[in-house]
Amino acid sequence: MFGDKIAGFIGSPVMQIIGSSNAARRPEIGRAVGAWTSAESDTIDLVTSALQWPETIANLRENGRIAVTFARPADYVSYQLKGQATIRPAESHEVERSSQYIVAMVSTQMRLGLLPELIMPVLSNRDPMLITMRVASVFVQTPGSHAGERIWSTTP
């Protein structure tokens with residue numbers, strides 16, 4: 001497991017940016033709206049909107065390659081996790097977790113001075129899909145001298 005610190009960070013109200021690519025390696029981004037780790041493995045579950053991010057969904061179905069950046073909006077402390085993903089429709093309890101994340105994220109960003117009408121368009125769980133990501137490596141992405149530093153990996 002990649003550690004309690006990273007797991008706690010992922011489960012907090014942080015921005016969740018999904019990076020994927022198609023067979024030609026053309027990049028695509030999407031957003032997740034809720035993420036959590038499994039205590040007994042190196043996996044993360046994320047909810048995303050197939051309606052809002054159809055290319056991301058198509059890429060993950062096609063090849064499973066994924067990179068997710070988690071960034072705290074107050075100070076941009078950030079981590080990027082890379083690995084392989086599987087995808088399926090989200091179940092009701094997973095959608096509920098996603099809805100709780102959306103409320104927490106809107107509240108967090110409003111405290112930073114953003115208006116809800118600027119926040120809400122990218123935080124959708126319509127047509128919810130669950131991405132299960134098997135994490136292969138974790139990198140610091142916080143701007144500064146350690147950006148890009150690998151801090152955990154399944155391989156030495």
Indicate whether any N or O donor in one side chain lies under 3.5 Å from an N or O acceptor in the other, for [X] and [Y].
| X | Y | answer |
| --- | --- | --- |
| D127 | S49 | no |
| Q80 | T69 | yes |
| E96 | H93 | no |

Is it possible for you to say whether [X] and [Y] belong to one hydrophobic cluster, with membership spreading through side-chain heavy-atom contacts below 4.5 Å?
| X | Y | result |
| --- | --- | --- |
| F70 | V138 | yes |
| L60 | W36 | no |
| Y101 | V47 | yes |
| V77 | I10 | yes |
| V122 | I102 | yes |

Quick one: does any side-chain atom of [X] pair with a main-chain N or O of [Y] as donor and acceptor, under 3.5 Å?
| X | Y | answer |
| --- | --- | --- |
| N63 | S21 | yes |
| T108 | A104 | yes |
| S78 | Y76 | yes |
| S98 | V33 | yes |
| N22 | R25 | yes |

Using every non-hydrogen atom in the two residues, find where [X] and [Y] come nearest and quote the distance to one decimal.
| X | Y | answer |
| --- | --- | --- |
| A7 | T37 | CB-OG1, 3.4 Å |
| I44 | A35 | CG2-CB, 4.2 Å |
| P116 | P121 | O-CD, 4.4 Å |
| Q141 | G148 | OE1-N, 3.2 Å |
| Q52 | S124 | OE1-CB, 3.1 Å |
| S107 | R111 | OG-NH1, 2.7 Å |

In Å, rounded to the nearest 0.5 Å, how long is the span from [atom1] of [X] to [atom2] of [Y]?
| X | Y | atom1 | atom2 | answer |
| --- | --- | --- | --- | --- |
| H146 | I151 | NE2 | CD1 | 11.0 Å |
| L130 | T48 | CG | OG1 | 10.0 Å |
| T43 | Q84 | OG1 | CD | 14.0 Å |
| M133 | I18 | CE | CD1 | 9.5 Å |
| I131 | L46 | CD1 | CG | 5.5 Å |
| K82 | R150 | NZ | CZ | 10.0 Å |

Point to revise | Other residues, nucleotides, ligands: >12 heavy atoms within 6.0 Å of R126 CZ | key: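 No, because the 6.0 Å sphere around CZ of R126 holds 12 heavy atoms or fewer from other groups.
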Review point. Does CG in D75 sit with more than 12 non-hydrogen atoms of other residues, nucleotides or ligands closer than 6.0 Å?
Key: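 Result for CG/D75: enclosed.
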Point to revise | Y79/F139 aromatic ring centres below 6.0 Å | key: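 Here the rings of F139 and Y79 have centres that are no less than 6.0 Å from each other.
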Review point. Passes side-chain contact (heavy atoms from CB on, under 4.5 Å), W152 versus D42? Steps please.
Key: CA-CA 11 Å; W152 183 86; D42 57 355; 3.9 Å; yes
Point to revise | Derivation and outcome, side-chain contact (heavy atoms from CB on, under 4.5 Å), residues R61 and M129 | key: CA-CA 11 Å; R61 284 186 172 141; M129 299 298 290; 3.1 Å; yes
Between [X] and [Y], is any pair of side-chain heavy atoms under 4.5 Å apart?
| X | Y | value |
| --- | --- | --- |
| T56 | I29 | no |
| M105 | P73 | yes |
| R31 | M15 | yes |
| R65 | S20 | no |

Check your understanding: In terms of side-chain geometry, is the basic nitrogen of R97 or E91 positioned less than 4.0 Å from the acidic oxygen of its partner?
Key ->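 No, no charged N to carboxylate O under 4.0 Å.
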Review point. Which is it for V14 and F9 under the side-chain contact (heavy atoms from CB on, under 4.5 Å) test, yes or no, and what are the steps along the way?
Key: CA-CA 8 Å; V14 292; F9 186 83; 3.8 Å; yes
